[in-house]
Amino acid sequence: MRSLVVGVIAAVVLVGAAAGPVGAAGPSRPLDMQVVDASGQPVSGAGVALAVMPSGREAGPGRAVAAKGTRTTNTRGRASWPQLRLTKHERRLAAANGGWLNLTALALDADGQPIGASTFSRYVGSGVAVAQQPTTVARIRTGANTPARTQATIAATCTWPSNYRWELASTSAAWTAVGELHVAGDSKATLTYGKTADSSIDAAFKVGGTWSLGGSVHIGNTSTSSVSQTLGPYIYRHVLSRFEYGLWKLYSDCAEGWHVYRGYDHTEATRWLGGITYDTTSIGYYDNHRTAYWNLFGRNSSFSRSTNAMQKVQFAVTVFGVNLGAQSG
């Protein structure tokens with residue numbers, strides 16, 4: 001048996017939008033992923049398994065990793081799912097999350113030991129118009145970054161792993177930046193979040209005591225409620241709303257015993273909780289570069305906005321000891 005190698009977690013690229021309504025058991029568009037090593041080279045012969053993570057207002061304790069079956073990467077390091085069929089529970093999760101399904105992929109070596117992980121979102125609903133995104137490759141970066149003692153301990157306690165699953169260890173509610181308000185003199189501004197608003201929030205993995213970002217999850221909203229924050233003249237602040245975050249640990253059943261912890265932790269947002277406030281720290285950069293970021297509009301004028309132009313807040317929230325970014329539309 002080979003020694004365990006646990007991977008560095010790299011940001012995952014969003015996979016293309018899916019076809020088919022949430023309420024149907026029909027397939028989505030093909031899901032295409034790639035496993036690469038620390039230098040970016042494809043890894044052939046690796047297993048790739050998927051887990052549907054809790055999301056929306058029906059947050060649950062976690063999901064079995066192999067629920068969608070395992071694929072083996074080819075010589076280009078790629079693995080594909082020609083179609084994904086959702087269970088009733090998974091369709092409910094997506095429906096409660098504005099049509100978005102959040103998944104975590106786990107890469108396994110030839111001995112079935114985990115070597116990397118990544119998280120991504122996939123749109124499976126038909127009730128909201130979403131711009132078609134090109135189908136891209138989701139990469140799970142692997143490498144030898146776990147301390148040797150941890151590798152040896154896990155490998156020795158789990159020779160024949162099976163039934164991987166992420167199990168919920170803790171939850172936390174945290175204020176997260178969903179936008180910014182920059183208010184000029186003799187005016188006020190209001191930011192409204194909710195109803196059709198949504199956010200993509202970073203996910204992170206911890207291996208060997210070190211957190212690394214590993215893709216993002218999409219948190220939607222199917223409720224009819226919304227929240228608003230109004231600020232007065234000369235105030236420049238991040239606007240915050242509350243989200244629930246989960247901390248999961250990776251376990252598997254093994255020949256030597258049951259319920260073996262694999263050394264992987266994972267955190268991601270699971271749902272929007274509501275509420276709104278603003279940060280007490282002024283956003284100085286944009287307000288010191290007004291000629292680049294501000295436009296003036298006179299009477300009877302108008303402007304348009306595009307979700308493609310939305311900017312990401314790099315440090316939108318700190319939860320479980322890791323800083324996560326967020327982008328809201």
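Taking OG of Ser241 as the start and CD1 of Ile219 as the end, the distance is 12.0 Å to the nearest 0.5 Å. The CD atom of Gln314 sits 10.5 Å away from atom CG of Asn323, with the distance rounded to the nearest 0.5 Å. Between the CE atom in Met53 and the CG atom in Leu168 there is a gap of 8.5 Å [rounded to 0.5 Å]. To the nearest 0.5 Å, the span separating CD on Glu180 from CG on Leu191 amounts to 10.0 Å. Within the model, atoms CG of Leu31 and OG of Ser80 stand 7.5 Å from one another, a figure rounded to the nearest 0.5 Å. Here NZ of Lys312 is found 12.0 Å from OG of Ser199. Values are rounded to the nearest 0.5 Å.
Below 30°, between 30° and 60°, or above 60°: for Tyr251 and Tyr261 the angle between ring planes is between 30° and 60°, a tilted geometry.
No side-chain heavy atom of Arg242 sits under 4.5 Å from any side-chain heavy atom of Thr176. Under the 4.5 Å side-chain criterion, counting only non-hydrogen atoms from C-beta, Ser212 is not in contact with Phe205. In this structure, Thr270 and Val217 have side chains that are not in contact, with every pair of non-hydrogen atoms separated by 4.5 Å or more. A heavy-atom distance below 4.5 Å is found between the side chains of Asp198 and His218. Using a 4.5 Å heavy-atom cutoff, the side chains of Tyr264 and Lys206 are not in contact. Looking only at side-chain heavy atoms (C-beta outward), Phe243 and Val319 stay at 4.5 Å or farther from each other. Counting only heavy atoms from C-beta outward, the side chains of Trp211 and Asp265 approach each other to under 4.5 Å. Using a 4.5 Å heavy-atom cutoff, the side chains of Pro42 and Gln34 are in contact.
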Derivation of the side-chain contact (heavy atoms from CB on, under 4.5 Å) call for Val239 and Ile276: CA-CA 7 Å; Val239 177; Ile276 197 163; 3.5 Å; yes
Arg71/Trp81 under side-chain contact (heavy atoms from CB on, under 4.5 Å): CA gap, chis, key distance, verdict: CA-CA 8 Å; Arg71 301 290 188 271; Trp81 283 257; 3.4 Å; yes
Glu244/Arg271 under salt bridge (charged side-chain N to carboxylate O under 4.0 Å, His left out): CA gap, chis, key distance, verdict: CA-CA 5 Å; Glu244 182 180 82; Arg271 55 178 172 166; 3.1 Å; yes
Derivation and outcome, side-chain contact (heavy atoms from CB on, under 4.5 Å), residues Leu213 and Leu324: CA-CA 8 Å; Leu213 298 183; Leu324 305 177; 3.8 Å; yes
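At a cut-off of 3.5 Å, with distance as the only test, no side-chain donor of Ser216 or Asp202 sits close to an acceptor on the other residue.
Evaluation of the side chain to side chain donor-acceptor pair (under 3.5 Å) rule for Thr171 yields no partner, not counting sequence neighbours. For Ala107, the side-chain contact (heavy atoms from CB on, under 4.5 Å) partners at least two apart in sequence or on another chain are Val35, Ile115, Ile140. With sequence neighbours excluded, no residue forms a side chain to side chain donor-acceptor pair (under 3.5 Å) with Thr210. Scanning for side chain to side chain donor-acceptor pair (under 3.5 Å) contacts around Thr72 gives an empty result, with sequence neighbours left out. With sequence neighbours left out, the side chain to side chain donor-acceptor pair (under 3.5 Å) criterion links Thr73 to no other residue. The side-chain contact (heavy atoms from CB on, under 4.5 Å) check on Leu108 picks up Leu106, Pro114, Tyr164, with sequence neighbours excluded. Applying the side-chain contact (heavy atoms from CB on, under 4.5 Å) test to Tyr278 and every residue at least two apart in sequence or in another chain returns Gln229, Leu231, Arg237. With sequence neighbours excluded, the residues forming a side-chain contact (heavy atoms from CB on, under 4.5 Å) with Ser228 are Thr190, Thr192, listed by chain and number.
The hydrophobic cluster containing Phe315, built from Ile/Leu/Val/Met/Phe/Trp/Tyr side-chain heavy atoms closer than 4.5 Å, comprises no other residue. Counting Ile, Leu, Val, Met, Phe, Trp and Tyr side chains that sit under 4.5 Å apart, directly or through other members, Trp175 shares a hydrophobic cluster with Leu240.
A donor-acceptor pair is defined here as one N or O able to donate and one able to accept, closer than 3.5 Å; such a pair exists between the side chain of Asn97 and the backbone of Gly220. A donor-acceptor contact shorter than 3.5 Å links the side chain of Asn74 to the backbone of Arg76.
Taking both residues in full, the closest heavy atoms of Ala94 and Val124 are given as CB-CG2, 3.6 Å, listed atom of the first, atom of the second, then distance. Across all non-hydrogen atoms, the minimal contact from Ala105 to Phe120 is CB-CE2, 4.4 Å. Residue Ala326 comes nearest to Ala177 through the heavy atom pair CB-O, 3.9 Å, listed as atom of the first residue, atom of the second, then distance. Between Ala51 and Trp166 the shortest heavy-atom distance is CB-CD1, 4.1 Å. The minimum heavy-atom distance linking Ala203 with His266 is given by the pair CB-CE1, 3.7 Å. Here the closest non-hydrogen pair linking Ser118 and Gly215 is OG-N, 4.5 Å.
Applying the side-chain hydrogen bond (donor to acceptor under 3.5 Å, both in side chains) definition to pairs two or more places apart or across chains, those involving residues 39-53 are Asp37-Ser39.
With hydrophobic clusters built from ILVMFWY side chains whose heavy atoms lie under 4.5 angstrom apart, Val313 does not share a cluster with Leu181.
Taking the six-membered ring for Trp, Trp272 and Tyr193 have ring centres closer than 6.0 Å.
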